[in-house]
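What follows is a single structure, written as structure tokens, with notes after it.
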Protein chains: 2
Amino acid sequence: MRPQKVNDADLMAGLMSVFRTKGYEGTSLNDLAVATGLQKASLYHRFPGGKKEIAEAVLVYARGWIENNVRQVLEDSNEMPAIRLARALDNIRELYGNGKETCILRALSMDQGLSLFGDGVQQNMEEWISGFYRLGIDLGLEHEDAREKAEDTLIMVQGSLVVGKGVGNDSVFDRAIRHLSRLYLT
Amino acid sequence: MRPQKVNDADLMAGLMSVFRTKGYEGTSLNDLAVATGLQKASLYHRFPGGKKEIAEAVLVYARGWIENNVRQVLEDSNEMPAIRLARALDNIRELYGNGKETCILRALSMDQGLSLFGDGVQQNMEEWISGFYRLGIDLGLEHEDAREKAEDTLIMVQGSLVVGKGVGNDSVFDRAIRHLSRLYLT
DNA sequence: GTCTATAACAGGATAGAC
DNA sequence: GTCTATCCTGTTATAGAC
């Protein structure tokens, strides 16, 4: 067998990058091939299920990222809550390129996306929410309160990404992230 | 000339309905033809520019809706601010089918969408924001405060639509709308 | 103004050589 | 494992009758 031209990590990063900017219907296999440096047929070798399987794999990859960089950071009981929050928000800021990038969950939850990948999207969102929920609990919030605040973090991030892009103003995302700090630390 | 089979208002409503559920790349001219009851060639007769021109027309239609049902309601100086807010939020709730529908602005701001329709999306969002800005000013807020609160209304609505769909829970949107009442009336 | 029919092209997917 | 070449379907768009 020939050697792998692109390793799995780079491959997934490249694939995710395309899907999140162009959406599911908007990305062609050609786009994916160009972005990764592989030919279409090579992508089919790695993902026999084609475009659908690739998008599913991207969602698994994204979920791993959220687990490592958001949930585990927020649940790390060795650190003070304020530190955990600051670190998680830094990671989130980086994930979205300070608001310049869009979210893969939003990109894959249009139309077909929702019916095809609804489960994966939901799992990703719940991973995110459960991390912030735990932070809220550790800060002494009641169950319902912690749940709603956690949900609000995702709402603010998704909303600010949509609006920031729409009005063409990066500061919308920045302000949302700063708002999330205050949401917990007061 | 033959009579119009579908009037402009019904036509635009049907076209918008497809675009906002399937996204720009996700909707085919066939989808639009089926939804409106016209044939593809008839759509080209009304919109010589094809799919792109149709999406642009939908954005103009959406902007008119926002102007009538959000901005003008919020700026109606004959009513108390609390009444204006309640009415605008009711209209917004209806527009999004209590959270079951998605937003045309989000649907048309993926990828191609942003480069093709960025201006239209921005105008729609600014129409929305300017309405709430005026409400904030009338309630005695300072310029910067009113601007941010107005932006937040759009962020919360867009975010709650994304998250509500993603986690499959209608109450997310409901709670966001209730939150917007409290945001101004305290 | 709307229709049927069709052209021209792009996209997803597969075959088979290396 | 990756590549080139190809198939086939669906898509945008146009031509021309009514």
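First the proteins, then the strands, lettered A, B, ... as listed; each starts at 1.
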Can you list, by residue number, the residues of residues 32-41 of chain B that have a non-hydrogen atom closer than 4.0 angstrom to DNA chain D?
B/Lys40, B/Ala41

For DNA chain D, which residues of residues 47-59 of chain B approach it to below 4.0 angstrom with any heavy atom?
B/Gly50, B/Lys51

For the side chain of B/Arg2 and the base of D/dC18, is some donor closer than 3.5 Å to an acceptor across the two?
yes

Going by the angle between their ring planes, with limits at 30° and 60°, are A/His143 and A/Tyr133 parallel, tilted or perpendicular?
perpendicular

Is the shortest side-chain N to carboxylate O distance from [X] to [Y] below 4.0 Å?
X: B/Arg87; Y: B/Asp90; result: no
X: A/Arg84; Y: A/Glu79; result: no
X: B/Arg134; Y: B/Asp138; result: yes
X: A/Glu67; Y: A/Arg63; result: no

Quick one: label A/Ser42 by what it contacts on the DNA or RNA (base, sugar-phosphate, nothing), any heavy atom closer than 4.0 Å.
base

Reported CE-to-CG distance for the pair A/Met12 and A/Asp8, which is rounded to 0.5 angstrom
8.0 Å

Can you confirm whether more than 12 heavy atoms, excluding those of A/Arg147, are under 6.0 Å from its CZ atom?
no

Within 45° of the six-membered ring axis of B/Tyr24 and under 6.0 Å from that ring's centre, is NZ or CZ of B/Lys51 located there?
yes

